[in-house]
Amino acid sequence: MLRQVALDRRSGVMHLTNQSAVSWYEFVREIVRLVGPRSRRHGAPDLDGRPPAAPAGTTPRQHVLDNAVARMTGMAPMRDFRDPLAELVRVLTA
Amino acid sequence: MRVLVTGAGGQLGHDTVAACERAGDTVIAADRAVVDVTDRDAVLGAITSAQPDAVISTAPPGPRSARARTTPTERCCERHGGAPRRRGVPPRGAHLVHVGTDYVFDGSLDRPYHEWDDTNPRACTA
């Protein structure tokens with residue numbers, strides 16, 4: 001997608017995200033589902049729903065992006081996040 | 001296309017390099033050891049020597065104050081166009097694609113954010 005934006009010499013601000021909104025919790029649940037019986041669960045620190053890398057109080061409550069400019073200018077939408085996530089899990093667990 | 005990818009040592013940069021190479025591009029993959037994107041001279045040197053058609057900036061430029069509207073990479077692309085100026089030859093104009101962050105929004109809206117929504121980061125953003 002980034003390459004296509006460069007090739008087309010598109011300008012301005014553009015949101016480019018995979019399809020389907022998902023919370024961090026749902027995202028992790030999907031990873032666990034994909035990994036299946038091989039997954040091991042460890043006690044998690046109390047992150048209060050925050051991604052671990054973010055300093056306290058800086059994560060937006062919700063930050064779903066609408067790919068409005070891409071859609072309006074005819075760019076094909078990116079895939080549903082579950083597809084590349086499944087590919088990544090396959091690579092990492094191979 | 002001749003493309004310079006900064007942040008090539010990271011996940012996004014690595015995948016961007018791979019995608020460009022699959023497409024047959026000439027790729028200059030620059031990780032932090034090659035180009036420190038917070039160093040204007042380093043960025044200028046990389047763009048001048050590589051003379052790319054495009055710069056894909058995947059490296060986080062580090063915390064940016066509210067007053068800093070551009071990064072060294074952005075300023076170098078604007079000023080130098082990816083090629084040294086020669087007598088009688090206009091600069092070639094490398095196209096810059098810079099990857100930002102959705103943390104520029106404060107998360108107060110109850111709908112997905114559009115590109116034209118007001119930003120209000122809760123902390124310094126990359």
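Residue numbers begin at 1 in each chain, while the letters A, B, ... track the order of the sequences.
For the atom pair CG of A:Asp66 and CD of B:Glu115, the computed distance is 7.0 Å after rounding to the nearest 0.5 Å. Atoms NE2 and CG, from B:His98 and A:Leu2 in turn, are 11.0 Å apart once rounded to the nearest 0.5 Å.
Shortest non-hydrogen contact noted between B:Ala94 and A:Arg9 is C-NH2, 4.3 Å. Considering every non-hydrogen atom in both B:His95 and A:Arg10, the closest pair reads NE2-O, 2.7 Å.
In terms of heavy-atom pairs under 4.5 Å with chain A, the best-connected choice from B:Asp102, B:Asp110, B:Val97, B:Val5 is B:Asp102.
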Walk me through it: do B:Leu109 and A:Gln62 pass the test side-chain contact (heavy atoms from CB on, under 4.5 Å)? CA-CA 8 Å; B:Leu109 294 184; A:Gln62 78 87 8; 4.3 Å; yes
Is there a side-chain contact (heavy atoms from CB on, under 4.5 Å) between A:Arg3 and B:Thr16? Walk through the geometry before answering. CA-CA 7 Å; A:Arg3 180 186 180 273; B:Thr16 300; 5.8 Å; no
Test log, rule side-chain contact (heavy atoms from CB on, under 4.5 Å), inputs B:Trp116 and A:Val13: CA-CA 8 Å; B:Trp116 54 89; A:Val13 176; over 6 Å; no
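By the rule that hydrophobic residues join a cluster once side-chain heavy atoms approach within less than 4.5 Å of another member, B:Phe105 and A:Val64 end up as members of separate clusters. In the hydrophobic cluster analysis, where Ile, Leu, Val, Met, Phe, Trp and Tyr join through side-chain heavy atoms closer than 4.5 angstrom, B:Val17 is grouped apart from A:Leu88.
For a residue to count as touching a neighbouring chain, one of its non-hydrogen atoms must lie under 4.5 Å from one of that chain's; by this rule A:Leu16 does not touch chain B. Using a 4.5 Å cut-off between heavy atoms, B:Asp25 contacts chain A through its side chain alone, with no backbone atom that close.
Ring centroid separation for the pair B:Tyr113 and A:His63 does not come in under the 6.0 Å cut-off.
In the displayed structure, A:Arg29 atom CZ is contacted under 6.0 Å by at most 12 heavy atoms of other residues, nucleotides or ligands.
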